[in-house]
Structure formats: structure tokens, C-alpha cells
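These notes concern the structure reproduced below.
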Amino acid sequence: MFTHLLNLLYPAVCELCQASLSDGSSLCLSCRGQLPRLTPPFCASCGESFDGALDEDFECQNCRGLRHDFDFARASLKGLAPSFDLVHRLKYQRHFFLVRSLAAFLYDTLLEDERFQALTAPLLVPVPLHWRRQQWRHGNQAHELARELSKASGLALSSCLVRKRRTQTQTKLNRRQRLSNLRGAFAIKKRHRDRLAGKDLILIDDVFTTGATAHECARLLKKEANVARVAVLTLVRG
Ligand SMILES: [Zn+2]
Ligand SMILES: [Zn+2]
């Protein structure tokens, strides 16, 4: 009965190819296999992928001369059409049933990238949306992803950040404009502030583009709550 009800709510077909599914996921094996995974080599700092062979760590051209306040950023999928298509369905078409399948990619990355394993009991921190935007979207995709990842990995979820003010949509802004657009946009919830000192965190978001959002969150967490390390894990490297 319950399964039947679930099937009504969450259609048991693949989101991308409509093949019927029975394993409770929203993407079939073949579509999952075809998504563009982001694998080494990639920039040790911002996670930008590099097409070609490289044996050692490298820093991409974009990161040279930049200071990121996060320790490193990593994404699960390359910023190609199929990845953005899924994020779009999750974010704007409110296909929240996709969250579990998408969080599985984050979990794979978490296990496979040793830098995450080197963190000490990291807390998963979703990048917050302003409450009004969250209301309009019927939820925050970063929070949903972090919650599923927490279930899969056993790492604790910490919604310690809030978005204080609405910011202009960042899509058309460059990194410098984004940084000034984001100044003062986030705050740490009072009751969390004292508990974060010395902790390692993993910021969770759907897409990493210029890194301005991750930088601003990491800057705040380190400066105001004395957080030790801030890693960034996103679904897509835009
Ligand atoms: Zn499929
Ligand atoms: Zn880089």
C-alpha cells in the first residue's frame, strides 16, 4: 500500500529516458552511467576539470593569484548539458524526488576523494537560500542534497548558515561583482556560533561557478566562528 502510494507520488520511471524503474531511484543505470562524471585531473583548489593527462596536482589559470577562503572545492559532475538539465529540474521544476539519486553522486565523490577522508568528523553545511526564495521554490535544493548525503554517509547535518538578505541573481555577474553582491548576505545562526570552533565543515551546494558563494561562506565561518577547515562539495562544476 505504502509503495503504491509512493509510486503515485514519485513516478517509477527514469527522469531522463522514461525507462521503468523498480529500485526506488529516479535515474536508470544507463542514464547514471552516461552523466559526465568529473574525474582527475582537476584543479586542486577550485575543482575545474582538465581535459588531458596530468599526474600531479595543479592549480588552474582561474585560481592563480586568487585567494579562496575555502580549503578546496570538488564537484561530482562536469558542467555539461545533462548535469545542468538535472539541476534545473531539481531547482525550478521542483522535482525533489531526484534528490536521492543526485546525492548518491555526492556520496561517491566523498568516498573517492581522499581529501574529504582527511577531514575530522566534518559537518555538512548547506548553502542557504533567502527564506522568500526558498518559499517560492518550495525548498532549498542544497539543503535537500545535504540531508540525503547525511543519511547516506552518517555525517551530521548542520544548518548553521542563514541568508540575511536577498541577493541579485548571480548568473550574469563575474566573480568580482558576485563577491560584492554577496558581502554581508550570510550570517551564522547565534546558537551554532560557539559550537563550530575548531570543526571541519563541508559546504554543500548544487553548482560551483566562480566560487564566490563558497568563498564568502568560508570567510565568514573562519572569521566569526573559528572553523578549522572548509571543504566544498557540489553536484556540478559550472
Ligand atoms: Zn534513463
Ligand atoms: Zn582552479
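Order of appearance sets the numbers: ligands from 1, and atoms from 1 within every ligand. Count residues from 1 along the sequence.
- Residues K91 and D206 are paired through a salt bridge, judged by an N-O separation under 4.0 Å between the basic side chain and the carboxylate.
- Electrostatic pairing of R32 and D23 counts as a salt bridge here, judged by a charged N lying under 4.0 Å from a carboxylate O.
- Around the Zn ion (ligand 1), the protein N, O or S atoms closer than 2.8 Å are C14 SG, C17 SG, C28 SG, C31 SG, listed by chain and residue number.
- Using a cutoff of 4.0 Å between basic side-chain nitrogens and carboxylate oxygens, K223 and D69 are not scored as salt-bridged.
- In this structure, R219 does not pair ionically with E224, as no charged nitrogen and carboxylate oxygen lie closer than 4.0 Å.
- Closer than 2.8 Å to the Zn ion (ligand 2) sit the protein N, O or S atoms C43 SG, C46 SG, C60 SG, C63 SG.
- Ring-centre distance between F58 and F50: below the 6.0 Å cut-off.
- Two rings, from F116 and F72, have their centers less than 6.0 Å apart.
- The existence of a salt bridge linking R229 and D200 is confirmed by a sub-4.0 Å separation between a basic side-chain nitrogen and an acidic carboxylate oxygen.
- Atoms CG and CZ, from L235 and F84 in turn, are 10.0 Å apart once rounded to the nearest 0.5 Å.
- The existence of a salt bridge linking E15 and R89 is confirmed by a sub-4.0 Å separation between a basic side-chain nitrogen and an acidic carboxylate oxygen.
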